[in-house]
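All values derive from a computational prediction rather than experimental measurement.
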Amino acid sequence: MYRTVEDFIAEWKNEAVLTQKMLDGLTDESLLQQVYPEGRTLGRIAWHFVTNIPDYLTEFGVTVAKVPNQNEVSFAKEIADTFHAVSIEVAEALHEQWTDDTLKQIQNAFGRMESNATIFMGLIKHIVHHRGQVTVLMRQAGLPIPAVYGPSKEGWTRLGVMPPL
């Protein structure tokens with residue numbers, strides 16, 4: 001749990017690096033990869049969680065500029081570049097707008113009374129959830145998967161180790 005704004009910002013920055021590596025690996029062609037025929041595309045999922053970050057934070061009291069054209073799935077580079085800009089803005093906004101006491105405040109989040117620290121942990125979990133979806137679709141699209149919390153299949157190979165079964 002985050003006890004200070006700096007705790008959250010440190011975690012935010014660590015997770016942003018992992019997410020950025022993944023988004024930097026997308027190609028325009030891969031954005032069309034679907035979970036199933038009627039399902040969302042990789043591009044739609046990635047654009048959703050990137051554009052949702054400012055909306056989520058604004059809902060809970062942190063002013064962050066809204067991403068324009070939220071309904072349009074962009075080029076891969078635009079998704080990655082937008083995430084980069086948003087992730088920096090989030091860290092700066094939290095540093096400027098919130099205090100350690102603000103993290104302890106309780107508010108309604110999706111029908112539950114939660115501390116701001118818990119709400120912000122939920123934002124990171126939301127991104128991690130979608131990052132998992134993106135890695136599956138990247139694999140289906142034939143893209144290499146960057147290491148996140150440990151080596152990917154490609155990472156094990158580079159280490160000269162047989163990937164776990």
Query raised in the report: Are L32 and Y36 connected in a single hydrophobic cluster, I mean Ile/Leu/Val/Met/Phe/Trp/Tyr linked by side-chain heavy atoms less than 4.5 Å apart?
Result: no

Query raised in the report: Under a single-linkage definition using a 4.5 Å side-chain heavy-atom cutoff for Ile, Leu, Val, Met, Phe, Trp and Tyr, are F110 and I127 assigned to the same hydrophobic cluster?
Result: yes

Closest non-hydrogen atom pair, [X] against [Y]:
X: A76; Y: T27; answer: CB-C, 3.6 Å
X: P54; Y: A65; answer: CB-O, 3.3 Å
X: L94; Y: V5; answer: O-CG1, 3.7 Å

Validation row: [X], [Y] side chains within 4.5 angstrom (heavy atoms):
X: V50; Y: L23; result: yes
X: F60; Y: L123; result: no
X: N52; Y: H126; result: yes
X: Q140; Y: V136; result: yes
X: L26; Y: V134; result: yes

Give a yes or no on whether the backbone of [Y] and the side-chain of [X] come within a donor-acceptor separation of less than 3.5 Å.
X: Q34; Y: L42; value: no
X: S152; Y: P146; value: no
X: D7; Y: R3; value: yes
X: T19; Y: A16; value: no
X: Q107; Y: S115; value: no
X: Q97; Y: T63; value: yes
X: S87; Y: F83; value: yes
X: Y56; Y: I119; value: yes
X: N116; Y: T102; value: yes
X: T135; Y: G132; value: yes

Query raised in the report: So does H129 have more than 12 non-hydrogen atoms from other groups sitting under 6.0 Å from NE2?
Result: yes

Requested in this report: Taking atom NE2 of H84 as the centre, report whether more than 12 heavy atoms of other residues, nucleotides or ligands fall under 6.0 Å from it.
Outcome: no

Query raised in the report: Do any pairs count as a salt bridge (charged side-chain N to carboxylate O under 4.0 Å, His left out) and have a residue in residues 42-65, sequence neighbours left out, and if so which ones?
Result: D55-K66

Query - Check: F120 ring centre within less than 6.0 Å of W98 ring centre - result: yes

What distance do [X] atom [atom1] and [Y] atom [atom2] have between them, rounded to the nearest 0.5 Å?
X: I106; Y: R112; atom1: CD1; atom2: CZ; result: 12.5 Å
X: E29; Y: L143; atom1: CD; atom2: CG; result: 9.0 Å
X: I124; Y: W12; atom1: CD1; atom2: CH2; result: 6.5 Å

Report summary line: D28 meets the salt bridge (charged side-chain N to carboxylate O under 4.0 Å, His left out) criterion, sequence neighbours left out, with none

Report task. List for me each residue that meets salt bridge (charged side-chain N to carboxylate O under 4.0 Å, His left out) alongside R139, sequence neighbours excluded, and say none if there are none. Result -> E154

Query raised in the report: What do the steps show when you test W47 against T82 for side-chain contact (heavy atoms from CB on, under 4.5 Å), and what is the final call?
Result: CA-CA 9 Å; W47 193 235; T82 300; 3.8 Å; yes

Query - Polar side chain donor-acceptor pair, Q70 to H48, under 3.5 angstrom - result: no

Side-chain polar contacts of residues 155-165 - donor-acceptor pairs under 3.5 angstrom, sequence neighbours left out - could you list them?
| unit_1 | atom_1 | unit_2 | atom_2 | d |
| --- | --- | --- | --- | --- |
| W156 | NE1 | P151 | O | 3.4 |
| T157 | OG1 | K153 | O | 3.1 |

Query raised in the report: Passes side-chain contact (heavy atoms from CB on, under 4.5 Å), I79 versus L31? Steps please.
Result: CA-CA 10 Å; I79 294 171; L31 299 183; 3.9 Å; yes

Requested in this report: Evaluate the criterion side-chain contact (heavy atoms from CB on, under 4.5 Å) for residue pair I45 and L137; output intermediate values, then yes/no.
Outcome: CA-CA 10 Å; I45 292 168; L137 293 171; 3.8 Å; yes

Query raised in the report: Should I88 and E92 be marked as a side-chain contact (heavy atoms from CB on, under 4.5 Å) after you check the CA-CA gap, both sets of side-chain angles, and the distance that decides it?
Result: CA-CA 6 Å; I88 290 170; E92 291 172 354; 3.5 Å; yes

Query raised in the report: With sequence neighbours excluded, what pairs up with L18 under the side chain to side chain contact (heavy atoms under 4.5 Å, CB included) test?
Result: E15, K21, R131, V148, Y149

**Report entry** All side chain to side chain contact (heavy atoms under 4.5 Å, CB included) counterparts of K125, not counting sequence neighbours
**Finding:** M121

